*Asks:* 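Got a structure for you, written out below as structure tokens; questions coming shortly.
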Amino acid sequence: MLKRINQYLQPAWYNIRQNRMYAFFALASSALTFVFIALVLQLMYIYGSDYRPMNNADRIFRLESFETVKGRYYYGIPSAEVGDFLEGLKDLECVSLYHKNMLNIDVNGQLFQNEAGFVNSGFWEMYGFDFIYGKPFTVEDMLNQKQVVVVTESIAQSFFRTKDAVGKRIAFQGREYAVAGVVKDISSFASPTDVCAVWVPHIFNRFIPNRTYRYLVDVFLPPAMSMDEGKAKISTAVKHFFKKKDIDIAITPQKLHTRKEVSVSNAGGALFKYGGATALLLLLVIPALNILLLNIANSSSQAEEIAVRRTFGATRISAFSRSMTENLLLVVSGSLIGLTLASPVINAAQQFLAQGTFINVSMIPRIDFFVILSGVLPSIVVFSLLSGSLPAYLISRSNMAQILKGGSK
Amino acid sequence: MITLENIKKVFRTKEVETHALSGISLTVDKGEFVSIMGPSGCGKSTLLNIIGTLDTPTEGKVVINNSEVSAMTDKQLAIFRNLTLGFIFQSFHLIPALNVLDNVELPLLYRKGVSAKENRRRAEESLEKVGLSHRMKHFPTQLSGGQCQRVAIARALVGAPSILLADEPTGNLDSKMGDEIITLLTEINSAGTTIVMVTHDSRMAEHTNRTIHLIDGQIL
């Protein structure tokens with residue numbers, strides 16, 4: 001068996017070396033195709049699944065803006081009234097506060113400008129961040145006024161030249177903080193509004209005293225609570241809170257949408273699903289057709305060898321396999337190159353587009369193993385079959401006598 | 001051993017219909033060395049291809065070793081070619097990416113139940129028979145025409161086929177090398193292998209037991 005495989009690989013490799021332009025084109029177009037295929041699949045995974053940290057997004061409601069019956073809007077909850085607002089939601093599983101702002105962060109005398117999120121400990125219970133070092137700050141930390149922060153791995157790397165930054169110190173707004181935990185980079189596609197470089201306990205939020213800033217409140221329903229019941233409780237709590245200020249909010253359970261629903265809707269809803277599938281299909285079919293046509297044009301280099309093999313006992317199926325070997329070698333290698341380059345390419349593009357801005361988060365920090373296994377690898381198989389099977393079939397069915405009539409050494 | 005009954009072969013295009021073979025019937029006995037001669041385009045190679053199951057007749061019956069080949073499936077034909085037939089071509093048709101030993105071993109790779117070691121031993125033995133055991137690791141492009149044809153003969157013989165089909169085996173060689181090859185084929189025939197050889201060269205045909213002359217697709 002090994003010998004047979006070697007007998008397939010050697011001539012395939014020989015033909016590749018003999019037809020370098022063709023090989024280069026097949027390799028490069030497969031690589032380029034799979035940069036985009038990996039990205040489309042990863043994006044579909046981010047939006048369409050329980051992607052971290054938004055793995056509970058189908059039971060989380062973000063209370064962001066409130067419309068009155070007169071059509072006026074209130075954005076967030078004023079910082080001074082947050083305690084009162086949360087009282088009305090205390091039956092619910094978990095409530096997190098969220099306020100984001102730009103900070104000048106001092107790291108050993110060097111200043112970095114980055115976005116910081118001011119959150120409470122509920123934020124870490126609600127969202128599934130992957131901690132690679134340390135831990136999140138807790139209720140006890142906040143009660144004890146512990147000055148700690150959580151940072152992303154890329155920020156830890158850029159601040160301290162190491163991802164293991166637990167215990168390292170940064171300063172902003174006149175206070176010094178220790179890094180309590182480092183989380184894996186998150187995709188800005190997954191939770192664009194939550195992407196920060198640093199997360200800080202909200203009790204240290206010095207933007208608050210002027211009362212200009214308002215918190216967004218996220219509510220996570222307990223597993224046992226039905227969605228209808230949860231929505232009813234939230235809308236009652238909101239109505240009640242504003243009623244005390246003589247404001248009639250036109251909120252109903254039907255108007256409440258989970259973060260998942262909002263995310264899918266922002267991405268285009270059903271259009272995103274079908275658009276993604278269509279993009280994937282086009283990405284597979286168009287380059288595959290190009291390689292297929294090149295394969296057919298290039299098949300004369302294989303035809304003689306395959307006719308000889310059939311003459312000496314190869315069946316059509318084994319001739320087909322031999323012919324596919326060359327295509328497989330090129331397409332699989334190209335696809336793997338594309339897969340490896342997908343994340344760096346998109347991040348390099350992002351860096352280029354974000355020159356002069358403070359954006360330092362990844363759109364797609366990595367292509368997940370699940371996406372590779374369930375999406376990219378099957379796509380490689382489909383791509384190989386699409387681009388190689390027709391030429392291989394034609395060669396395996398070709399007239400041996402006619403091919404062997406001419407030929408050369 | 002080989003029986004052809006009323007073999008006809010017609011090549012058709014949209015405009016033209018060419019009758020390459022028009023009702024050929026012949027028998028080749030076991031152990032015979034038969035040459036087929038005739039002018040270009042008379043159907044010699046077509047006839048040989050039909051005997052070798054590389055092409056199918058438009059009409060007629062081909063029986064080899066008591067098996068009617070037209071009734072065989074692709075897989076059966078592949079096994080049949082592998083076990084029963086050996087082929088030698090004018091242009092050698094060696095695989096340039098493989099060395100001499102791997103080229104010779106090729107037919108054995110499509111056989112089941114034989115170890116890789118045994119395959120290698122048989123390939124080496126076959127190369128020894130044609131006097132090329134010192135060129136095993138060379139590639140076809142590093143050999144002369146005569147040596148390439150010897151490798152092709154070793155490849156045809158390695159599976160110990162009962163029938164050897166040779167299509168102008170000396171056509172691309174000078175007379176000295178041609179003589180060497182025909183001597184080698186005569187020796188192979190003496191050992192019991194049936195040979196059917198297509199040739200233009202009457203000098204080569206003289207070495208065979210019987211010559212069949214073809215003209216316009218018919219036996220003269």
Side-chain angles (χ1 to χ4, degrees), chain A residues 1-20 22-23 298-323 325-326 329-330 392-409, chain B residues 9 11 45-46 48-50 52-56 73-87 89-99 102-103 105-111 115-117 119-120 139-141 143-145 148-149 151-152 155-156 158-159 161 165 167 172:
Chain A
M1 190 63 186
L2 273 176
K3 184 71 193 174
R4 174 97 67 101
I5 291 170
N6 194 38
Q7 277 255 359
Y8 282 4
L9 286 177
Q10 257 181 281
W13 179 236
Y14 178 87
N15 282 349
I16 287 169
R17 279 183 295 149
Q18 293 295 310
N19 303 290
R20 284 184 189 162
Y22 156 74
N298 191 45
S299 59
S300 58
S301 64
Q302 290 183 17
E304 184 188 336
E305 181 206 327
I306 289 181
V308 170
R309 285 179 185 275
R310 290 196 60 209
T311 300
F312 286 100
T315 57
R316 281 197 182 122
I317 291 172
S318 69
F320 177 88
S321 317
R322 158 61 195 95
S323 183
T325 311
E326 214 164 300
L329 272 180
L330 290 169
Y393 174 78
L394 292 177
I395 286 184
S396 68
R397 306 284 300 188
S398 55
N399 186 318
M400 289 177 275
Q402 229 162 26
I403 293 167
L404 295 173
K405 200 191 265 179
S408 61
K409 187 167 74 166
Chain B
K9 179 70 183 178
F11 293 106
S45 293
T46 304
L48 197 75
N49 287 334
I50 286 172
T53 73
L54 303 182
D55 208 347
T56 49
T73 62
D74 174 62
K75 195 175 176 185
Q76 287 168 331
L77 275 176
I79 296 169
F80 178 78
R81 279 195 291 266
N82 184 262
L83 295 175
T84 315
L85 305 173
F87 294 86
F89 303 97
Q90 180 180 355
S91 309
F92 326 130
H93 290 303
L94 300 176
I95 297 174
L98 302 179
N99 67 27
D102 286 339
N103 262 292
E105 209 180 331
L106 180 79
L108 302 178
L109 298 178
Y110 298 104
R111 286 193 187 177
S115 69
K117 204 174 165 186
N119 279 348
R120 185 127 294 222
F139 285 85
T141 48
L143 303 178
S144 68
C148 280
Q149 197 58 294
V151 175
R155 178 179 62 184
V158 74
L165 303 172
D167 191 356
N172 271 2

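All of these numbers come straight from a predicted model, not from anything done at the bench. Proteins come first, then strands; the chains are lettered A, B, ... in the order of their sequence lines, and each starts at number 1.
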*Asks:* Would you compute the distance between atom OG1 of B:Thr56 and atom CG of A:Asn399 and round it to the nearest 0.5 angstrom?
*Replies:* 8.0 Å
*Asks:* Once rounded to the nearest 0.5 Å, what's the spacing between atom CD of A:Glu305 and atom CG of B:Leu106?
*Replies:*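 One gets 8.5 Å once the value is rounded to the nearest 0.5 Å.
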*Asks:* When heavy-atom pairs shorter than 4.5 Å are enumerated against chain B, which of A:Ala12, A:Ala307, A:Gly313 gives the highest number?
*Replies:*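 Greatest number of close heavy-atom pairs with chain B: A:Gly313.
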*Asks:* How far does CD of A:Gln402 sit from CG of B:Asp55, to the nearest 0.5 angstrom?
*Replies:*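 Result: 8.0 Å between the selected atoms.
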*Asks:* Nearest 0.5 Å please: distance from the CE atom of A:Met400 over to the NE2 atom of B:His93.
*Replies:* 12.5 Å
*Asks:* What distance separates B:Leu77 CG from A:Thr315 OG1, expressed to the nearest 0.5 Å?
*Replies:* 11.5 Å
*Asks:* Among B:Ile79, B:Leu98, B:Thr53, single out the residue with the greatest number of heavy-atom pairs under 4.5 Å to chain A.
*Replies:* B:Leu98
*Asks:* Select one option (side chain, backbone, both, neither) describing which atoms of B:Phe89 are under 4.5 Å from chain A's heavy atoms.
*Replies:*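 Answer is side chain: those atoms of B:Phe89 sit under 4.5 Å from chain A.
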*Asks:* So which atom in B:Asn82 and which in A:Phe312 form the shortest heavy-atom distance, rounded to 0.1 Å?
*Replies:*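 Closest pair (atom of B:Asn82, atom of A:Phe312, distance): ND2-O, 2.8 Å.
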*Asks:* In terms of heavy-atom pairs under 4.5 Å, which option from B:Leu54, B:Ile50, B:Leu85, B:Leu83 contacts chain A the most?
*Replies:* B:Leu54
*Asks:* Within a radius of less than 6.0 Å around CZ of A:Arg17, do more than 12 heavy atoms belonging to other residues, nucleotides or ligands occur?
*Replies:*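 More than 12 within 6.0 Å, yes.
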*Asks:* If you draw a 6.0 Å radius around CZ in B:Phe80, do more than 12 non-hydrogen atoms from other residues or ligands fall strictly inside?
*Replies:* yes
*Asks:* Compare every heavy atom of A:Ala314 with every heavy atom of B:Ala78, then report the nearest pair and how far apart it is.
*Replies:* CB-O, 3.8 Å
*Asks:* Working to the nearest 0.5 angstrom, can you tell me the gap between A:Arg309 CZ and B:Leu109 CG?
*Replies:* 7.5 Å
*Asks:* Salt bridge or not between B:Asp74 and A:Arg397? Use side-chain N to carboxylate O under 4.0 Å.
*Replies:*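 Between A:Arg397 and B:Asp74 there is no salt bridge, as every charged N stays at least 4.0 Å from the carboxylate O atoms.
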*Asks:* So which residue, B:Thr46, B:Asn172, B:Asn49, B:Leu108, ends up with the most heavy-atom pairs under 4.5 Å with chain A?
*Replies:*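 Ranked by contacts with chain A, first place is B:Asn49.
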